[in-house]
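Written below as structure tokens is the structure these notes are about.
Order of listing sets the numbers, starting from 1, for every ligand and every atom in it.
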Amino acid sequence: MVHMNTQYRTHMIGDLSSSLVGTSVRLAGWVHVVRAQSKIIFLVLRDYDGLVQCVVLPEHAEAFSVAKIVSQESVVSVEGTIVEAKQAQGGLEIQVTSLEVLSASNPELPIPVVERGGNETDQAIRLDYRWIDLRKPEKLLVFKIWTLFEEALRDFFIAERFLQIHSPKLMSSPSESGAEVFEVKYFERSAYLAQSPQFYKQMAMAAGFERVFEVGPVFRAEPSFTTRHATEFTGLDFEMSFIASHKDVMDIWSRAIASAMQRVADQYGEQIKQCYGIDVVVPSLPFPELTMEEAKALLSKRNITSEREGDLSPEEERALGGISKEKYGHEFIFITEYPASVRPFYHMRKEDDPNSTLSFDLIWKGVEITTGAQREHRYDILEAQAKEKGMKLDSIAHYLDFFRYGCPPHGGAGIGFGRMIMLMLNLESIREASYVYRGVKRLTP
Ligand code: ATP
């Protein structure tokens, strides 16, 4: 039971049950729907938990006169008795004795909360009024699920003895590539917003933290208008020491996903089925995997080719999602051993094939959700690889220093939360999975 201030409410809608029939309660929330007839007014109240029907009769004259004029989406406090009502949702309703408007809504809503006729309002308009869009119970559910999913992942990492870090997002130089980075004014000079916590989680390996994770903002100045890119998103990153190869990273990440998905399925499986019409599938272990070479061979057998040599196009990722489903009955698939040409300088190369890296991407339902690798921890090799990729060594001098005073073999991965939630719930776009979306053309609200 949540401790609450009883001035406005004694219960939340989720607390109501048939064992409380006959009791007087005070509830508070939004007027979801109001239907006024001459002798009876039905008011559907909505709070964080859901909906309940409230009935206002003329014998409670004051409440009746308030209910007659209250506008939809006003915030109200309702007092009344719980009664059984077979026809009402949940089998209960409130016979209202008093009704107080705490904050009246302008009766002209810019977007509806209760959409009519099956078609949702245009997304761009909904995003302009995101706080009203989020009042829809199925939108609130997205963030209830995200909260649990994130908690479950944290629990998993903490149980595996990972430490949480919070690395700075203001950087003195563009971190990895220089492209796709936001430059900001920083007193008398420029600073750059972090494109990933990559360098700082590796610093934690040099600092002897051994295993770390971070949940934090990631900034990407990519002019993408796809359904899976945002210019600012919440990333989950982790990094671990004393690994034998990238396979150790894949192993822990697939176990983390399976355990978090189990929690989501247990707690929200039914609601997800009801709201989004999909089954949450808890993935079996181990996840299937293909090397890039194997993946390309399978794709070319199906006549799916792309210009991206050694890398995967969105179409190829989609096809691999299909192949995983068909061949392995699995929603996830790891693609490993990307060519060095398409990976950053810090990915470790294969000892017997320096053109190939100890790296992976994880694809879920045909979309990339994770990039990971074993990192190069040997200073000389790391420096040589950076030079070979044309990096300016002075701009990464602080980073390279991490590897000069003893740093264990290590690896890790980066994940986009919004993308995972979008895929989990089959949402049409990352915009729907972001609390407030940031894109090339969207900086408000
Ligand atoms: P993509 O190829 O899809 O642009 P990427 O290869 O640039 O992704 P990484 O730099 O490897 O992505 O980032 C790791 C993870 O972060 C990705 O797998 C994805 O889940 C997420 N991610 C990357 N870019 C974005 C973005 N612009 N918006 C939302 N999530 C992103």
Mode of [X] contact toward ligand 1 - side chain, backbone, both, neither (heavy atoms, under 4.0 Å):
X      : result
His229 : both
Glu222 : side chain
Ile430 : side chain

Exercise. Can the ring centres of Phe287 and Phe332 be said to be less than 6.0 Å apart?
Worked result: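 Centroid distance Phe287-Phe332: below 6.0 Å, so yes.
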Exercise. Does ligand 1 have an atom under 4.0 Å from some heavy atom of Gln195?
Worked result: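 In this structure, Gln195 fails to qualify as a contact of ligand 1 - no heavy atom is under 4.0 Å.
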Problem set entry | Close-contact set for ligand 1 against Thr370 heavy atoms, below 4.0 Å |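 Every atom of ligand 1 under 4.0 Å from some heavy atom of Thr370: 18 (O).
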Exercise. Should you measure from each heavy atom of Glu368, which atoms of ligand 1 turn up under 4.0 Å away?
Worked result: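 Under 4.0 Å from Glu368, ligand 1 has these atoms: 1 (P), 2 (O), 3 (O), 5 (P), 6 (O), 8 (O), 11 (O), 12 (O), 17 (C), 18 (O).
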For this session: Applying side-chain contact (heavy atoms from CB on, under 4.5 Å) between Thr336 and each of Glu293, Met250, Met292, report the one that passes.
Result: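 Checked Glu293, Met250, Met292 against Thr336; only one passes side-chain contact (heavy atoms from CB on, under 4.5 Å): Met250.
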Give me the nearest non-hydrogen protein atom to [atom] as residue plus atom name, then the distance to 0.1 Å.
atom                    : value
atom 22 (N) of ligand 1 : Phe233 CZ, 3.4 Å
atom 24 (N) of ligand 1 : Arg220 NH1, 3.3 Å
atom 20 (O) of ligand 1 : Ile369 O, 2.9 Å
atom 15 (C) of ligand 1 : Gly414 O, 3.6 Å
atom 11 (O) of ligand 1 : Thr371 OG1, 2.6 Å

Go through the side-chain N and O atoms of [X] and [Y] and say whether any donor and acceptor fall under 3.5 Å apart.
X      : Y      : value
Arg343 : Ser359 : yes
Glu115 : Thr121 : yes
Gln274 : Glu270 : no
Glu337 : Thr291 : no

For this session: Would you mind finding which of Ser196, Ala230, Gly416 brings a heavy atom closest to atom 16 (O) of ligand 1?
Result: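 That would be Gly416.
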Exercise. Does the side chain of Ile396 come within less than 4.5 Å of Phe199's, by heavy atoms?
Worked result: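 Yes, close enough: below the 4.5 Å cut-off.
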Exercise. Mind checking whether Trp146 and Phe417 have parallel, tilted or perpendicular rings, split at 30° and 60°?
Worked result: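 Judged by the thresholds at 30° and 60°, the geometry between Trp146 and Phe417 is parallel.
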